[in-house]
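This report concerns only the one structure given below.
Just so you know, these numbers come straight off a predicted model, no measurement behind them.
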Amino acid sequence: MNILHILIDDENLKIIIPWWLLLLFLILIGVLFLLRSRKFFLKDYKIEEVEIGIRDYRVKIKPSFEDIQVAYKIWVEISTRKLGLEIDEENDVIVEVYNSWYEFFKITRETLKEIPAHKIVNPETQKIIDVSLKLLNEVVRPHLTKWQARFRKWYYEEKEKNKSLTPQKIQRQYPHYEELIKDMKKVNKNIMEYRKSLEKLIGFHKSCEI
């Protein structure tokens with residue numbers, strides 16, 4: 001099968017190329033361009049240094065592209081759930097907030113488990129893991145351990161007794177409501193701080209807000 005046709009007509013040289021071969025050539029050029037662009041993109045990210053952390057734990061990190069992918073995935077989970085917003089005592093339903101926190105806990109844990117073994121030993125990646133684990137184990141877990149089971153049990157019992165009341169009105173009757181909501185706001189504050197750290201890490205700006 002002849003791919004190229006070469007014709008000589010009145011001393012003029014004509015080369016006839018099949019359309020599919022020209023298309024394949026253009027696709028190859030496009031792929032090479034994308035690979036080259038990705039290479040420079042990764043270099044740009046590696047030279048950026050940002051500070052991340054929660055409470056009094058702060059670290060400086062020079063993230064790789066893979067680090068930013070991990071941070072972005074966690075940031076999306078925070079930004080698209082209730083835990084990414086400030087606690088609204090008037091409208092938020094505590095059990096729904098707890099559901100959001102619990103799902104975030106599971107998804108973040110799974111995201112960290114998906115990090116390749118060769119990346120875990122990377123000092124920069126380890127910093128992201130450390131900050132994330134501190135949030136889960138030292139901020140979110142203690143609150144859920146102390147309050148979630150007790151409040152849920154009380155809430156569902158009261159909900160059966162007071163079907164005419166809204167969830168917000170029912171939860172305000174919880175005997176330890178003030179103490180619970182105060183602790184919940186502390187957790188929320190740390191989650192918001194963690195979100196801001198991730199925003200710096202992924203180079204977040206208003207135009208990419210979800």
Side-chain angles (χ1 to χ4, degrees), residues 50-61 67 70-115 125-202 204 209-210:
V50 297
E51 183 179 82
I52 65 172
I54 56 172
R55 298 191 296 194
D56 58 347
Y57 181 76
R58 301 282 171 179
V59 292
K60 290 185 178 181
I61 178 174
D67 296 331
V70 172
Y72 180 73
K73 186 173 182 180
I74 297 174
W75 177 80
V76 168
E77 291 300 327
I78 294 177
S79 302
T80 55
R81 296 178 182 274
K82 283 185 178 293
L83 82 165
L85 304 173
E86 292 185 7
I87 298 293
D88 180 356
E89 286 188 57
E90 295 299 318
N91 300 299
D92 282 343
V93 178
I94 292 176
V95 291
E96 292 179 358
V97 175
Y98 281 160
N99 290 340
S100 179
W101 287 9
Y102 184 68
E103 284 301 311
F104 167 70
F105 196 102
K106 291 195 301 181
I107 291 172
T108 301
R109 186 173 55 190
E110 290 302 313
T111 300
L112 297 179
K113 285 167 62 177
E114 290 172 2
I115 298 176
T125 304
Q126 190 61 54
K127 292 174 184 177
I128 297 177
I129 296 174
D130 288 345
V131 174
S132 301
L133 291 179
K134 278 186 176 293
L135 178 72
L136 296 182
N137 295 328
E138 299 180 15
V139 178
V140 179
R141 186 196 293 273
H143 178 94
L144 293 178
T145 300
K146 180 178 180 180
W147 293 107
Q148 182 180 210
R150 286 191 292 172
F151 177 79
R152 282 184 186 274
K153 181 178 183 299
W154 175 89
Y155 175 78
Y156 290 126
E157 289 175 353
E158 293 298 313
K159 187 177 179 182
E160 287 299 314
K161 299 176 188 176
N162 302 280
K163 294 185 178 181
S164 62
L165 297 181
T166 65
Q168 290 86 349
K169 288 183 178 180
I170 294 174
Q171 66 192 24
R172 288 194 195 98
Q173 297 175 9
Y174 183 56
H176 307 286
Y177 176 77
E178 294 299 329
E179 185 182 356
L180 181 151
I181 205 71
K182 182 179 179 181
D183 196 33
M184 181 175 277
K185 286 183 176 181
K186 287 182 180 179
V187 175
N188 181 252
K189 181 179 179 181
N190 280 282
I191 292 174
M192 299 296 288
E193 184 180 5
Y194 178 68
R195 178 188 176 182
K196 290 179 181 178
S197 285
L198 295 178
E199 288 172 358
K200 290 193 295 183
L201 190 60
I202 64 178
F204 172 90
E209 188 170 9
I210 294 176

Rounded distance (nearest 0.5 Å) linking atom OH of Tyr72 with atom OG of Ser79: 8.5 Å
Does any part of the side chain of Lys185, heavy atoms only, come nearer than 4.5 Å to the side chain of Glu86, both counted from C-beta? no
Test: Arg152 cationic atom under 6.0 Å from Trp154 six-membered ring centre, within 45° of axis: no
Run the numbers on Phe151 and Tyr174 for ring pair (Phe, Tyr, Trp, His ring centres under 6.0 Å), then give the verdict. CA-CA 8 Å; Phe151 177 79; Tyr174 183 56; 5.1 Å; yes
Between Trp101 and Phe104, ring centroids under 6.0 Å: no
Should Glu89 and Ile181 count as side-chain neighbours, where that means a heavy-atom distance under 4.5 Å? yes
Give a yes or no on whether the backbone of His143 and the side-chain of Asp183 come within a donor-acceptor separation of less than 3.5 Å. no
Are the side chains of Tyr156 and Val95 in contact, using a 4.5 Å heavy-atom criterion? yes
Would you call Leu112 and Leu133 a side-chain contact if the rule is heavy atoms closer than 4.5 Å? yes
Looking only at atom types and distance, does a side-chain atom of Gln168 sit under 3.5 Å from a main-chain N or O of Asn91, one as donor and one as acceptor? yes
Any side-chain heavy atom of Thr108 within less than 4.5 Å of one from Glu77? no
Do Tyr98 and Met184 have side chains that get closer than 4.5 Å, going by heavy atoms? yes
Going through the checks in order, is the salt bridge (Lys or Arg N to Asp or Glu O under 4.0 Å) test met by Lys146 and Glu179? CA-CA 11 Å; Lys146 180 178 180 180; Glu179 185 182 356; 3.5 Å; yes
Rounded to the nearest 0.5 angstrom, the CE-OG distance for Met192 and Ser197 is 12.0 Å
Minimum side-chain heavy-atom gap Leu198-Ile52 below 4.5 Å: no
Mark yes or no for whether Glu199, through its side chain, and Tyr194, through its backbone, hold a donor-acceptor pair below 3.5 Å. no
